[in-house]
Amino acid sequence: MAENKPKTATLSFGNKVLELPMMSPVSGPDVIDIRKLYAEGDVFTYDPGFTSTASCSSDITFIDGDKGELLYRGYPIDQLAEKSHYLEVCYLLLYGELPTAVQLDAFETRITRHTMVHEQMHYFFRGFRRDSHPMATMVGVVGAMSAFYHDSTDVNDPWQREVAAIRMIAKVPTIAAMAYKYSIGQPFVYPKNSLDYASNFIHMCFSVPAEDYEVNPILSRAMDRIFTLHADHEQNASTSTVRLAGSSGANPFACIAAGIACLWGPAHGGANQACLEMLREIGTVDRIPEFIKRAKDKDDPFRLMGFGHRVYKNFDPRAKVMKESADEVLGLLGIEDNETLKVAKELERIALEDEYFVSKKLYPNVDFYSGIILDAMGFPTSMFTPVFALSRTVGWIAQWKEMIGDPTQKIGRPRQLYIGASERNYIDVENR
Ligand code: CMC
């Protein structure tokens with residue numbers, strides 16, 4: 001029987017012809033393995049923004065941007081959002097399979113038992129100005145966890161990696177809620193372990209010691225969905241940041257802090273805050289054309305926040321679920337008529353019909369709808385990106401663990417196309 005010949009790609013340049021091995025994924029395009037390109041061809045590849053580069057192999061998450069498909073460990077996101085819940089999804093992302101009832105119970109208990117942060121951390125918060133952005137506080141405090149939990153910073157010890165993972169999934173919501181409470185001058189609220197993960201976060205954000213607080217189950221379900229929809233997204237900017245930071249052997253808390261810093265930018269996780277602020281700036285439906293015009297103007301840096309995606313060129317499957325959730329939450333809270341919502345609905349309608357957005361395949365992304373839900377729940381815009389960060393923590397950790405456990409892992413060290421001055425001699429200051 002004839003054996004299948006491994007696929008190769010032929011690259012010729014100058015007087016060289018190189019035969020490059022190719023690799024086939026389970027789904028998605030084949031990749032050309034260029035690891036020996038520099039050694040054998042004395043050339044680099046040039047791909048700023050990594051638009052055509054697979055930076056690693058992974059078996060965690062798959063996106064088909066043309067189909068608008070997102071799978072966590074093979075399971076479609078819409079099925080998980082409807083039938084599963086966040087902690088089960090965390091288990092799936094971390095360990096590769098859906099848990100049995102016993103495994104899930106043990107995992108939930110473990111996470112729940114780690115929700116409190118070291119008491120000394122309360123004082124650490126006090127070093128921040130009250131008006132600090134909660135993301136700034138989170139970058140600092142999550143990074144500082146390496147100073148509080150010394151027994152889970154050895155990346156070479158699988159058990160310590162596991163403990164660090166559990167600690168972060170359990171404690172990052174507590175830290176995010178503390179950052180919020182600190183910014184509004186209210187006392188920190190300790191986690192309540194009788195509550196589920198999402199309800200506990202809502203409770204830590206909105207309850208005060210002076211009053212009883214009941215978490216609305218509808219809001220808790222919506223919150224859990226937001227967490228699930230944001231849990232992982234393969235090699236996006238913040239995840240790649242976590243992998244790159246981790247590739248040097250940096251401790252897990254420092255790596256996740258690096259991911260939070262990257263997520264903050266408005267082109268990434270910061271878009272949810274930027275989007276709601278943009279909707280408020282537009283203010284009324286009659287001003288939409290003015291903003292659409294600006295978004296199309298090449299000389300104006302303005303972009304419609306919450307629209308477009310590097311990978312999704314059909315629709316963002318997360319946005320589809322998030323839109324349904326937004327309709328549900330707003331309906332149940334009876335806030336269908338507010339002006340921001342009217343602007344959002346009309347903007348969405350116009351952009352989906354407008355030739356510029358249609359031809360460039362710019363669809364509303366997950367951040368377009370999540371801000372609307374979080375706003376309705378009572379979160380200030382500055383808390384939108386921290387909610388994204390706490391949801392994505394599990395994805396970052398799963399990807400970090402996968403990388404550390406990969407025997408072929410090396411420190412990430414891209415090369416460059418140098419376009420600066422060529423070698424020249426130093427000139428003394430008096431002669432310049
Ligand atoms: N408004 C107006 N024009 C846009 C937009 C937008 N939101 N997004 C892209 N374009 C245009 C862009 O000007 C360019 O036009 P041209 O080809 O004529 O120069 C074309 O579409 C392609 O844009 P790009 O910047 O090359 O695409 P990218 O893949 O580098 O950027 C993006 C993807 C998400 C950064 C971008 O669409 C964007 O800035 N969107 C707004 C911010 C946003 O909502 N981000 C959240 C992404 S989803 C959550 C997450 O995963 O973090």
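We count ligands from 1, going down the list as the structure has it; atoms in each ligand are counted the same way. We count residues from 1, following the sequence as given. Keep in mind that this is a model prediction, so the values were computed, not measured.
Between Phe357 and ligand 1, no N or O atom pair is found at a separation short of 3.5 Å. Taking distance alone, with nitrogen or oxygen atoms compared against 3.5 Å, His233 stays at or beyond that limit from ligand 1. Among the atoms of Asp316, none of the N or O lies under 3.5 angstrom from an N or O of ligand 1. Taking any N or O of Leu362, backbone or side chain, none lies under 3.5 Å from an N or O belonging to ligand 1. Any N or O atom pair closer than 3.5 Å counts here, and Phe307 shares at least one such pair with ligand 1. On a distance-only criterion, Met305 and ligand 1 share no N/O pair closer than 3.5 Å.
Between Phe148 and Phe253, the distance separating the two ring centers is not shorter than 6.0 angstrom. You'll find the ring centres of Phe368 and Phe307 inside the 6.0 Å limit.
Take Tyr312 and apply the ring pair (Phe, Tyr, Trp, His ring centres under 6.0 Å) test, not counting sequence neighbours, and it matches His233, His309. Partners of Phe302 according to the ring pair (Phe, Tyr, Trp, His ring centres under 6.0 Å) rule, which considers only residues two or more places apart in sequence or in another chain, are Phe291.
The nearest protein atom to atom 28 (P) of ligand 1, hydrogens excluded, is given as Arg310 NE, 3.7 Å; this is a heavy-atom distance. Annotation: atom 49 (C) of ligand 1 to nearest protein heavy atom, Asp367 OD2, 3.0 Å. Nearest protein neighbour of atom 1 (N) of ligand 1, counting heavy atoms only, is Leu304 N, 3.1 Å. The closest protein non-hydrogen atom to atom 52 (O) of ligand 1 is His268 ND1, 2.6 Å. With hydrogens left out, the protein atom closest to atom 34 (C) of ligand 1 is Gly308 O, 3.7 Å, a heavy atom. At the shortest separation from atom 11 (C) of ligand 1 among protein heavy atoms lies Tyr356 OH, 3.6 Å. In terms of protein heavy-atom proximity, atom 48 (S) of ligand 1 is closest to His309 CD2, 3.5 Å. Nearest protein heavy-atom contact of atom 31 (O) of ligand 1 is Arg303 NH1, 4.2 Å.
Here the closest heavy-atom approach between residue Pro386 and residue Pro134 is recorded as CG-CB, 3.8 Å.
Using bins of under 30°, 30° to 60° and over 60° for the plane-to-plane angle, the ring pair Phe206/Tyr213 lands in the tilted bin. A perpendicular orientation is assigned to the rings of His268 and Phe388, their planes being inclined by more than 60° (bins at 30° and 60°). Between Phe227 and Tyr197, the ring planes lie perpendicular to each other; the angle is over 60°, past the 30° to 60° tilted range.
At a distance under 4.0 Å, a protein heavy atom can be found next to atom 46 (C) of ligand 1. Within a 4.0 Å radius of atom 26 (O) of ligand 1, the protein contributes no non-hydrogen atoms.
Here is the list of ligand 1 atoms found below 4.0 Å of a heavy atom in Ala271: 43 (C), 44 (O), 45 (N), 46 (C). Under a 4.0 Å criterion applied to the non-hydrogen atoms of Gly269, ligand 1 contributes the atoms 52 (O). Atom numbering of ligand 1 starts at 1 in the shown order; those under 4.0 Å from a heavy atom of Gly306 are 43 (C), 44 (O). In summary, the atoms of ligand 1 found under 4.0 Å from a heavy atom of Lys360, numbered by their order in the structure, are 11 (C), 15 (O), 16 (P), 17 (O), 18 (O), 20 (C), 21 (O). Counting the atoms of ligand 1 from 1 in the order shown, those under 4.0 Å from a heavy atom of Lys298 are 16 (P), 18 (O), 19 (O).
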> Passes salt bridge (Lys or Arg N to Asp or Glu O under 4.0 Å), Lys296 versus Asp354? Steps please.
Replying inline: CA-CA 10 Å; Lys296 293 180 188 175; Asp354 189 288; 2.9 Å; yes

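Just one of Asp232, Asn236, Thr61 meets the side-chain hydrogen bond (donor to acceptor under 3.5 Å, both in side chains) condition when paired with Gln399; it is Asp232.
No more than 12 heavy-atom neighbours from other residues, nucleotides or ligands sit within 6.0 angstrom of OH on Tyr46.
The pair Arg243-Asp406 does not count as a salt bridge, with every side-chain nitrogen at least 4.0 angstrom from each carboxylate oxygen.
Heavy atoms of Pro266 found under 4.0 angstrom from ligand 1 belong exclusively to the backbone.
Of the possible donor and acceptor atoms, one in the side chain of Glu402 sits under 3.5 Å from a partner among the backbone N and O of Asp59.
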